Every structure is written in C-alpha cells, then in structure tokens.
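Note that this is a predicted model, so its numbers are computed, not measured. When a ligand or atom number is given, it counts from 1 through the structure's own listing order. If you read the sequence from its start, that first residue is 1, and numbering goes on from there.
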Amino acid sequence: MSFKNLGLCDQLLRAVKEQGYDEPTPIQKEAIPVILNKRDILAGAQTGTGKTAGFTLPMLELLHKHKPEKGKHHVRALILTPTRELASQVQESVELYGKFLPFKSCVIFGGVKINPQITALKKGMDIVVATPGRLLDHISQRTIDLSKVDFLILDEADRMLDMGFINDIKKVLAVLPKQKQTLLFSATFSNEIKKLTDSLLNSPVLIEVARRNQSSEQIKQVIHPVDKERKRELLTKLINDGNWQQVLVFTRTKHGANRLSGQLDKDGITSAAIHGNKSQNARTKALADFKAGKIRVLVATDIAARGIDIDQLPHVVNYELPNVPEDYVHRIGRTGRAGNNGEAMSLVCVDENEFLANIEKLIKKDIHKFIVKGFAPDPSIKAEPISMGGGGRGRGGNSRNRNNNNKPRNGGNRSNNSSRGRR
Ligand code: AMP
C-alpha cells in the first residue's frame with residue numbers, strides 16, 4: 001500500500017515524498033483511513049512506529065477539507081503531550097508535513113516565557129501542540145480560545161497520567177466543545193487509561209500495532225553483569241573499544257546523570273546530561289549537540305528521554321536498570337528504529353536483579369547475559385536496597401511504581417504551579 005491509496009491530498013503527498021517515506025508504516029496504514037472516516041481512535045503505539053505522521057497527516061487532510069473562512073485562523077486542532085521535548089517534536093512534524101498547506105501552528109509549554117506564546121496565539125493559530133500545565137495557564141488567563149476545536153489528540157496518554165496530569169487534562173477537556181474527534185495514543189492500557197477513554201472517546205476504533213519489545217528483532221539486547229563500583233570503568237571501556245560515536249545512556253536519577261556525565265568528560269568522552277532540573281535551553285542544546293555529533297554520549301533520565309526522536313541511534317546503554325519495567329521497553333525503543341539495527345545493553349549489578357526479573361517477565365524472554373572479560377562480579381558482594389534519590393519524574397509520582405515495587409521512590413506530590421513543566 002502506498003501513501004497515495006490512503007486518500008491524502010497532493011500537498012501532503014508531496015511533503016511525505018520529501019521526507020523519503022516509501023510506504024506507510026503499520027500504524028499509518030491502519031490509523032489514517034479510520035481517522036479520515038472521522039472516527040475516534042484508541043491506538044496502542046509507541047514512539048518509533050511512525051505514530052506522529054499517523055495522526056498528523058489525516059488531521060491536516062481533514063483540516064484542509066473543511067477550511068474556515070479565508071484568512072481566519074482559529075485553534076481547530078489541539079495536541080497534548082506529556083513532555084516539552086515531545087511537544088516540540090510533534091510541532092516540528094506538523095510543520096514538516098503541513099509545509100505546503102496554509103495552516104499555522106505553535107507549541108506551548110512551561111519553563112519558558114509565556115509572553116511570546118501569547119503573542120503567537122493572538123496572531124491566530126490553527127493547530128496548537130501543548131503540555132497540559134502551561135496550556136491551563138493560558139486557559140485561565142484567557143489567552144487561548146479553544147471553543148472551535150474539532151480535533152483533540154492525546155499523545156502518550158499513559159505518560160501524562162503517570163506524570164500526574166489527569167486533573168489538568170480534565171480541566172482542559174471541560175473547556176473544549178463536546179462535538180469533536182478525539183484520538184488517543186498510549187503505549188500501555190492501564191485501568192486509569194481505560195477510565196479516561198470510556199469518558200472521552202465516542203465508540204473508538206481500537207488500533208494496536210505490535211509492541212516494539214515483543215516484536216522487534218532489530219534490537220539486540222544484552223546484559224553485562226558487573227559490580228556497581230565498576231560500571232563507569234566498564235562503560236568507558238565499551239565506548240572506547242567499540243569506538244561508539246553516539247550513545248544514549250540512562251540513569252535512574254538526575255544526580256546520577258550529572259555525576260556520570262562529569263566522570264565521562266574526565267575520561268575524555270564528551271557528554272551532556274539531560275533531566276528535569278536542567279533549563280529548557282540546556283536540554284535543547286544538549287540534544288542538538290548530540291544529534292549533530294558534537295558530543296558522543298547523552299546521559300538521560302527516563303522522563304527527559306521520553307519522546308526523543310533520534311534517527312538510527314545505534315547504541316542505548318542502561319547504566320542503571322529502571323525500577324518500572326515498562327521504562328526498559330521505552331528506553332530500548334530509542335534504538336533499532338525505522339528499519340535500522342540497534343544494540344541495547346544493560347550494566348546490571350547484584351542490587352538490580354529484582355528489577356531485571358521484572359523486566360524479563362514483562363518482555364517474556366530472558367535477555368542474554370555476557371560477562372565482559374575482567375569485569376566478572378565479585379560473588380562476595382551482597383545485594384543492597386536501591387536508593388531512588390529523587391528520580392527523574394518529579395511531578396506527581398508514579399502509580400505503577402507504587403503498585404509494582406516495594407522500593408521507595410520520591411515521586412513527590414504536585415502542590416503548586418512552580419513545579420509545572422519542569423521536565
Ligand atoms: P514517531 O513514531 O512518530 O516518533 O516516528 C519515528 C520515526 O519514523 C521518525 O523519525 C519519522 O520521521 C519516521 N517515519 C515516520 N513515518 C515513516 C514512514 N512511513 N517511512 C519511514 N520513516 C517514517
């Protein structure tokens with residue numbers, strides 16, 4: 001099946017062609033015709049499947065078909081995402097695929113000045129991509145009019161709930177027109193997601209594409225057992241021996257990300273850390289430098305890395321295993337994308353064996369274990385409880401974690417606006 005058969009206008013086909021896409025991905029094949037049929041959808045698809053084009057292309061097609069009066073721009077499509085990075089990337093896609101159409105779009109998130117956003121909104125926008133916290137600020141200041149929204153898209157809805165956005169989302173929903181088309185994307189379907197979809201979606205069509213963790217043969221996964229104290233030494237060796245030029249490394253905590261990045265720099269390996277305590281500018285710069293090949297290693301916490309789209313990322317390293325097993329799947333999904341092979345390795349110390357067992361249970365397979373010569377773990381070292389040290393998920397805590405793990409985690413309660421948009 002080609003993009004042509006999907007019923008998209010010439011302007012969109014031209015934009016797709018410019019991107020070099022030969023044929024639609026599975027989620028695009030399934031979702032585009034259903035969305036063009038004006039149905040609500042509930043889609044199980046992760047980053048890396050081509051889901052962004054899967055909702056952006058038909059959204060643009062429908063906006064194009066039902067044009068408003070010439071020269072008038074009202075917000076007709078609202079896309080909500082959990083993180084700033086994802087919001088920026090989605091808006092970039094909207095601009096990219098819509099470059100031959102006359103629509104205006106902007107991105108709205110916290111952590112940056114609100115005034116430029118107000119100025120942009122005043123000019124009139126057709127499509128707004130936003131994180132919920134800052135959007136609510138605009139709603140309460142009446143600097144955005146959402147009364148003409150035809151399309152609501154919730155991207156990574158499970159993450160938004162994990163991050164404690166449910167009340168914000170409900171407040172946003174309350175100001176939207178009842179009559180609209182809603183598309184909800186989520187990598188997982190918890191009871192909370194089901195509750196949200198029951199109240200939000202109108203006889204949705206269910207679309208599920210294979211989860212990357214269970215299907216992707218393109219990601220080679222390996223565990224390197226190693227003592228905690230020797231992880232950094234091993235990581236440096238792996239990077240140097242393999243002459244890796246672009247590695248995404250995950251730590252569990254912001255502090256751990258900073259410390260590791262500093263240590264790698266000392267070892268002569270250029271790196272930067274991204275996490276929720278870094279300013280938006282610092283995060284954008286780190287990501288741009290990483291993409292441009294100016295730094296070899298990007299050290300990230302789970303939340304900061306969510307939604308990052310880096311094509312052909314060859315290496316992902318779990319310096320520390322995540323305590324939420326689903327995060328492992330999200331992490332390794334950064335590699336082996338869109339037809340490229342990738343390698344995901346995890347440096348696992350004795351303290352993390354329980355995390356590993358939970359991950360293997362989730363992905364329903366044993367991951368190959370390989371001890372790097374000279375790094376065999378000392379059998380006399382006994383497992384110790386893991387301190388989560390404030391984690392990478394500052395806002396709202398994580399219900400899955402509370403349910404599934406008995407290890408403490410400083411999720412913290414969201415108490416005021418100052419915590420808004422910090423990731
Ligand atoms: P997403 O899941 O939306 O984050 O997309 C992941 C990556 O797939 C992005 O880099 C897109 O540019 C790319 N992509 C999306 N659709 C296609 C397609 N039909 N063929 C090839 N690559 C695609």
Side-chain angles (χ1 to χ4, degrees), residues 1-8 12-33 35-36 41 43-61 77 79-99 105 107 127 129 153-160 183-188 207-216 218-219 246 248 287-288 290-292 300 302-314 316 329-342:
M1 184 194 272
S2 73
F3 277 102
K4 261 198 182 135
N5 304 342
L6 288 173
L8 300 170
L12 289 172
L13 291 176
R14 220 169 117 201
V16 164
K17 200 168 167 207
E18 272 196 8
Q19 287 310 302
Y21 302 165
D22 294 328
E23 61 167 332
T25 64
I27 183 82
Q28 291 162 2
K29 277 181 204 158
E30 286 199 49
I32 293 176
I35 299 171
L36 290 178
I41 67 165
Q46 297 176 337
T47 305
T49 53
K51 70 182 164 71
T52 317
F55 62 74
T56 306
L57 290 170
M59 174 195 80
L60 289 167
E61 175 71 31
I79 305 171
L80 292 179
T81 75
T83 64
R84 300 165 186 175
E85 279 80 7
L86 186 59
S88 294
Q89 281 174 199
V90 169
Q91 197 240 352
E92 277 168 25
S93 298
V94 168
E95 293 274 306
L96 208 65
Y97 303 131
K99 68 189 279 196
S105 70
V107 61
I127 301 152
V129 188
I153 299 168
L154 292 130
D155 196 9
E156 303 202 351
D158 50 346
R159 277 287 146 158
M160 286 200 265
L183 318 175
L184 188 142
F185 287 78
S186 183
T188 53
I207 294 175
E208 193 147 24
V209 294
R211 291 188 57 142
R212 299 180 61 82
N213 61 322
Q214 279 143 10
S215 70
S216 181
Q218 283 166 328
I219 304 174
Q246 201 182 38
L248 179 60
L287 188 58
F290 184 59
K291 282 187 177 182
D302 290 289
I303 275 296
R306 271 302 278 185
I308 288 181
D309 175 29
I310 305 161
D311 286 343
Q312 305 178 23
L313 191 58
V316 167
V329 178
H330 291 304
R331 288 178 178 191
I332 69 166
R334 309 294 105 207
T335 183
R337 312 184 66 173
N340 297 296
N341 289 321

With atoms numbered from 1 as shown, which atoms in ligand 1 lie under 4.0 angstrom from a non-hydrogen atom of [X]?
| X | result |
| --- | --- |
| T52 | 1 (P), 3 (O), 4 (O) |
| E23 | 18 (C), 19 (N), 20 (N) |
| K51 | 1 (P), 2 (O), 3 (O) |

Problem set entry | Heteroatom proximity flag, D22 to ligand 1, N/O under 3.5 Å |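 In this structure, D22 places no N or O atom under 3.5 Å from an N or O of ligand 1.
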Exercise. Can you find an N or O of P24 that's nearer than 3.5 Å to an N or O of ligand 1?
Worked result: no
Exercise. Where do E156 and T81 land on the side-chain hydrogen bond (donor to acceptor under 3.5 Å, both in side chains) test, with the steps shown first?
Worked result: CA-CA 6 Å; E156 303 202 351; T81 75; over 6 Å; no
For this session: Working to the nearest 0.5 Å, report the span between CG of L57 and CD1 of I32.
Result: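 Between atom CG of L57 and atom CD1 of I32 there are 5.0 Å.
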Problem set entry | Pairwise distance CD(E95) to CD1(I127) - rounded to 0.5 angstrom |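 Taking CD in E95 and CD1 in I127, the distance rounds to 8.0 Å.
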Exercise. What do we get for F3 next to ligand 1 when only non-hydrogen atoms under 4.0 Å count, side chain, backbone, both or neither?
Worked result: side chain
For this session: Decide whether the shortest distance between a heavy atom of Q89 and an atom of ligand 1 is less than 4.0 Å.
Result: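 No heavy atom of Q89 comes that close to ligand 1.
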For this session: Would you check if T83 and R159 make a side-chain contact, meaning some heavy-atom pair closer than 4.5 Å?
Result: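 Contact flag for T83/R159 side chains = no.
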Problem set entry | Contact check, side chains of F3 and K17, non-hydrogen atoms, under 4.5 Å |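 A side-chain contact is absent here, since even the closest heavy-atom pair is not under 4.5 Å.
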Exercise. Do you know which two heavy atoms are closest between L6 and K29, and how far apart they sit?
Worked result: CD2-O, 4.3 Å
